[in-house]
Amino acid sequence: MINMHYSPEFKKYAVALYRAQPGKTITQIARELGISRSTLRRWVLEDSRENPEILTMPIKDDSFSSESLKAENAFLHAQIEQMQQECELLGRTTVHFIRKAQRQT
């Protein structure tokens, strides 16, 4: 068996993709990403332990109950907020470096 090393970004993406699609199973998402089911399952469990403050969908939950949808909605809102903050920071950083480069020329 080949021991693959995946970047932290890819792992986060895979977990977020799984959580964003409550109608799909871990097996389906893993197949789409070209990774094993057990690898994705481990990443989801690790992320749940590392980030207990984020409301997440239970791994075996294939239902669309209002509670699971609320949890998924809260998770997605937290992800959106984090991405907006990151984009804002990247924009400010870009402006800073452009101005610095202009002063040096």
Side-chain angles (χ1 to χ4, degrees):
M1 173 186 263
I2 296 174
N3 189 8
M4 298 293 294
H5 295 283
Y6 298 97
S7 70
E9 294 80 16
F10 180 76
K11 292 177 183 181
K12 287 181 183 181
Y13 170 77
V15 171
L17 185 63
Y18 167 71
R19 289 189 174 137
Q21 299 183 48
K24 290 194 173 183
T25 64
I26 283 183
T27 303
Q28 290 170 320
I29 299 296
R31 189 176 301 125
E32 289 174 14
L33 295 173
I35 60 176
S36 72
R37 180 196 66 78
S38 60
T39 297
L40 180 56
R41 184 174 188 283
R42 182 171 23 94
W43 293 347
V44 170
L45 290 171
E46 287 171 1
D47 186 69
S48 296
R49 283 191 295 270
E50 291 171 6
N51 301 299
E53 70 282 356
I54 296 177
L55 299 174
T56 59
M57 298 287 289
I59 289 178
K60 297 294 183 184
D61 187 10
D62 289 331
S63 69
F64 290 96
S65 71
S66 63
E67 287 304 311
S68 65
L69 292 176
K70 285 178 188 176
E72 181 68 11
N73 206 14
F75 170 75
L76 293 174
H77 282 287
Q79 290 294 99
I80 289 169
E81 185 177 334
Q82 180 181 353
M83 287 180 200
Q84 287 173 333
Q85 290 172 357
E86 290 171 357
C87 286
E88 200 174 301
L89 177 64
L90 285 172
R92 288 194 308 262
T93 304
T94 302
V95 169
H96 169 75
F97 283 110
I98 289 172
R99 288 181 181 158
K100 185 176 180 180
Q102 288 173 343
R103 286 192 299 260
Q104 292 176 351
T105 56

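Taking a 6.0 Å sphere around CD of Glu81, one finds it holds 12 or fewer heavy atoms contributed by other residues, nucleotides or ligands.
Separating the CG atom in Leu40 from the CD1 atom in Ile26 is a distance of 5.0 Å, to the nearest 0.5 Å. To the nearest 0.5 Å, atoms CZ (Arg37) and OG1 (Thr25) are separated by 9.5 Å. With rounding to the nearest 0.5 angstrom, the OG1 atom of Thr93 is 8.0 Å from the NE2 atom of His96. Here the CZ atom belonging to Arg41 is positioned 10.5 Å from the OG1 atom belonging to Thr27, to the nearest 0.5 angstrom.
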Applying side-chain hydrogen bond (donor to acceptor under 3.5 Å, both in side chains), run through Gln82 and Glu86 and close with a yes or a no. CA-CA 6 Å; Gln82 180 181 353; Glu86 290 171 357; 3.1 Å; yes

Applying side-chain contact (heavy atoms from CB on, under 4.5 Å) to Gln102 and Ile98, what does each step give before you reach the verdict? CA-CA 6 Å; Gln102 288 173 343; Ile98 289 172; 3.7 Å; yes

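Taking 4.5 Å as the limit, some side-chain heavy atom of Glu32 sits within range of a side-chain heavy atom of Ile29. Gln85 places none of its side-chain heavy atoms less than 4.5 Å from the side chain of Leu89.
Gly23 approaches Gln28 most closely through the heavy-atom pair O-OE1, 4.1 Å. Nearest heavy atoms, Val44 versus Val15: N-CG2, 3.9 Å.
Of the charged side-chain nitrogens involved, none lies within less than 4.0 Å of a carboxylate oxygen, so that Glu46 and Lys11 do not count as a salt-bridged pair.
Note: Trp43 and Tyr18 fail the aromatic proximity criterion, with ring centroids not under 6.0 Å apart.
The aromatic rings of Phe10 and Tyr13 lie tilted to each other, with the angle between the two planes from 30° to 60°.
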